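As the structure is a computational prediction, the values presented were derived from the model and not from experiment.
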Amino acid sequence: MGDTANIRRIRFLLIALVALYLTGPTLVVVWLSFSTDDVLRFPPQLFSWRWYQEFVFDERWNEAVLRTLFVGGLATLFSTTIGSIAAFGVARTKLPAKRLVEALAIAPLVVPPIILATGGYSLFAKLDMIGSNIGLAVLHTVLGVPYVYLIVASALARIDPSIELAALSLGANRWRTIRDVTMPVNLPAIITGGLFAFLISFDEVVVTVFVSGSLAPTLPVRIFSSLSMAASPVVAAVSTVQIIIAVVLMCMAGILQRWQRRWAEAAPAM
Amino acid sequence: MQSTYKFKPQRGSAVAEVDKGVVLSKPIGFASVSPLFAVLGVFFFGPIIALILAIFDQGVGAAGQLLYDVMRDDLFHSVAFRTFRVALIVTIISVVVGYTMAYAMWRSSQTVRSIALALIMFPLFTSIVVRTYAWTAMFSRFGIINTVLLKFGLIDQPLTMLNSEPVVLIGMVQAMLPFAILPIYTTLLSLDLDLLRASAICGAKGRQTFTKVVLPLTKQGAAVAAILVFVISLGFYITPAILGGPKSAMISNMISTEVITFYNLKGGAVMSVLLLLVTLCLLFIASKIGSVAAHYRR
């Protein structure tokens with residue numbers, strides 16, 4: 001519409017500034033991670049891989065990575081399964097009180113994590129589950145399930161009903177239609193939900209600190225606790241690895257969303 | 001425009017499934033949500049019940065005493081007050097900047113929109129610990145800001161900026177902005193462009209169209225976004241712990257210190273339950289204004 005060139009310039013400047021604020025500082029970490037200095041300083045002396053070597057060859061960091069992947073993998077598996085099945089149930093059955101189910105499914109998203117941490121600690125102390133990786137994975141599942149649920153539910157709501165109708169009119173029963181048509185076209189959304197569930201677990205600190213007992217810390221917990229002390233540039237290297245993983249997952253989520261749209265939201269040409 | 005004629009398909013016929021897709025029976029519905037309920041029941045409601053039991057395990061009188069002790073604690077007062085103040089400031093900044101940003105994106109070209117969206121999503125994917133670490137690299141004694149200020153001779157000594165509330169605010173607003181921008185932007189996208197054309201045809205100037213058409217139609221969404229940002233801000237832990245230090249502790253940090261450092265699980269439980277009650281009240285208000293779930297859909 002009829003905006004003057006000045007307004008357009010101001011608008012662009014505003015968007016650029018906010019975008020810089022949101023991403024700039026994080027990207028500085030990438031720059032720092034290639035420093036040759038022993039401490040953080042600006043501008044860093046470039047260029048070395050020494051902090052990456054320190055990360056890769058340090059046993060304690062390795063232990064942290066392994067535990068993070070194990071807990072995150074389990075949490076992803078659990079929350080993707082549970083969350084997608086529930087989203088299917090709400091979208092495709094005659095279940096009553098669907099709004100209540102939805103409210104329950106997203107409740108962990110809005111309750112402060114410290115409550116799950118202290119509560120999980122008291123519960124696990126009673127059940128003798130402090131220091132259990134599976135117990136931690138299930139608590140991470142609770143935190144990840146809302147994302148899976150919301151992503152799969154909103155994808156299901158946008159599926160073109162004529163795809164399912166086509167299967168029905170070709171003689172498939174409802175069950176088979178769901179299994180062979182709805183489920184496969186929704187697969188990208190389910191995987192996207194899984195990516196988010198993994199990221200949630202991959203990023204979780206508070207609950208993990210409370211219920212880990214004497215176990216080795218996970219990656220985010222190790223970063224967190226090394227920040228409270230003197231931060232060595234190795235943290236910058238670890239953080240850069242985390243940023244790269246995040247960017248890769250973000251691109252994957254974008255691609256998956258495009259597939260989802262192409263497969264499910266318009267009748268596909270066969 | 002509302003059509004007076006409604007086509008009512010017969011139950012159970014294939015036609016009934018045209019607008020909604022396939023619909024399976026009720027028992028399958030119950031079966032499909034039962035794993036979710038089982039896990040949430042034991043591992044989400046279980047912890048909350050465990051907290052309440054920890055408070056009440058020596059009777060109502062002892063629970064009252066616990067509550068009284070927490071309420072009388074001066075440290076709790078100052079931390080609770082700070083938590084509300086910080087969350088409120090973060091909410092105001094996030095919603096004002098978020099609305100402006102969302103509006104600017106909405107008025108921009110498709111290319112600018114997509115790039116801006118990707119950059120807004122980026123912090124949602126990167127770890128909050130990593131992002132907080134990045135702020136320490138900006139604000140520390142030998143950080144970028146001190147280096148630049150020293151180089152240009154604006155200061156003689158490096159400034160101590162970490163461990164202060166403004167830095168916590170900067171970090172928290174960065175974390176919360178996407179939660180304000182994205183729902184408001186989605187609301188703007190759903191506006192009927194014909195309304196804007198109608199407003200222009202009726203002679204409204206750009207500013208009038210904004211205050212009389214766009215703002216009234218989007219303020220509900222912005223209000224729900226504001227409450228959500230406030231609720232999430234109340235529960236922040238990592239940002240105040242790293243950027244604020246003990247003097248800028250928020251309620252989550254205090255609960256954590258009580259439980260882990262002082263082994264005072266009961267005191268921590270009382271504070272957790274109070275925080276939960278405040279959260280639930282705010283969410284109830286939000287749900288009266290608009291759909292909370294809709295704000296998390298993309």
Heavy-atom proximity to chain A below 4.5 Å, by part of [X]:
X	value
B:Val112	side chain
B:Phe43	both
B:Thr100	both
B:Ile28	both
B:Ser25	backbone
B:Met138	side chain
B:Leu36	both
B:Ala241	side chain
B:Ala137	both
B:Ile170	both
B:Phe37	side chain
B:Ile144	both
B:Tyr103	neither
B:Val148	neither

Give me the atom names and distance for the closest heavy-atom approach of [X] to [Y].
X	Y	answer
B:Leu283	A:Val110	CD1-CG2, 3.4 Å
B:Pro47	A:Leu123	CD-CD2, 3.9 Å
A:Pro112	B:Gly235	CB-CA, 3.9 Å
A:Leu14	B:Ala104	CD2-CB, 3.7 Å
B:Leu119	A:Ala19	CD1-CB, 3.5 Å
A:Ser122	B:Ala50	CB-CB, 4.0 Å

If we only count heavy atoms from C-beta on, is the [X] to [Y] side-chain gap below 4.5 Å?
X	Y	value
B:Val173	A:Tyr21	yes
B:Ser256	A:Ile114	yes
A:Phe88	B:Leu24	no
A:Lys94	B:Val23	yes
B:Val39	A:Val145	no
B:Ile260	A:Val209	yes

NZ (A:Lys126) with more than 12 external heavy atoms under 6.0 Å: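 Counting neighbours around NZ of A:Lys126, more than 12 heavy atoms of other residues, nucleotides or ligands fall under 6.0 Å, so yes.
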
Do you know which of [options] has the most heavy-atom pairs under 4.5 Å to chain A?
options	value
B:Ser108, B:Ala54, B:Gly46	B:Ser108
B:Leu282, B:Ile181, B:Ile49, B:Thr279	B:Thr279
B:Leu280, B:Ile238, B:Val97	B:Ile238

Winner by heavy-atom pair count (cut-off under 4.5 Å) against chain B, out of [options]:
options	result
A:Ala105, A:Pro220, A:Ala236	A:Ala236
A:Thr177, A:Val206, A:Leu27, A:Leu32	A:Val206
A:Ala246, A:Pro25, A:Ala86	A:Pro25
A:Phe12, A:Phe78, A:Phe210	A:Phe210

Any donor and acceptor pair, going by atom type alone, linking the side chain of [X] with main-chain N or O of [Y] inside 3.5 Å?
X	Y	answer
A:Gln242	B:Ser127	yes
B:Arg131	A:Thr26	no
B:Tyr133	A:Val29	no

Reference residue B:Phe44; test side-chain contact (heavy atoms from CB on, under 4.5 Å); the match among A:Leu104, A:Leu143, A:Val111: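 Among the candidates, only A:Val111 passes.
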
If we check side-chain contact (heavy atoms from CB on, under 4.5 Å) with B:Met101, which of these qualifies: A:Val18, A:Leu17, A:Leu22?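 Single pass found, and it is A:Val18.
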
Hey, are A:Thr118 and B:Ser272 close enough side-chain-wise for a donor-acceptor pair under 3.5 Å?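 Yes, side-chain donor-acceptor contact under 3.5 Å.
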
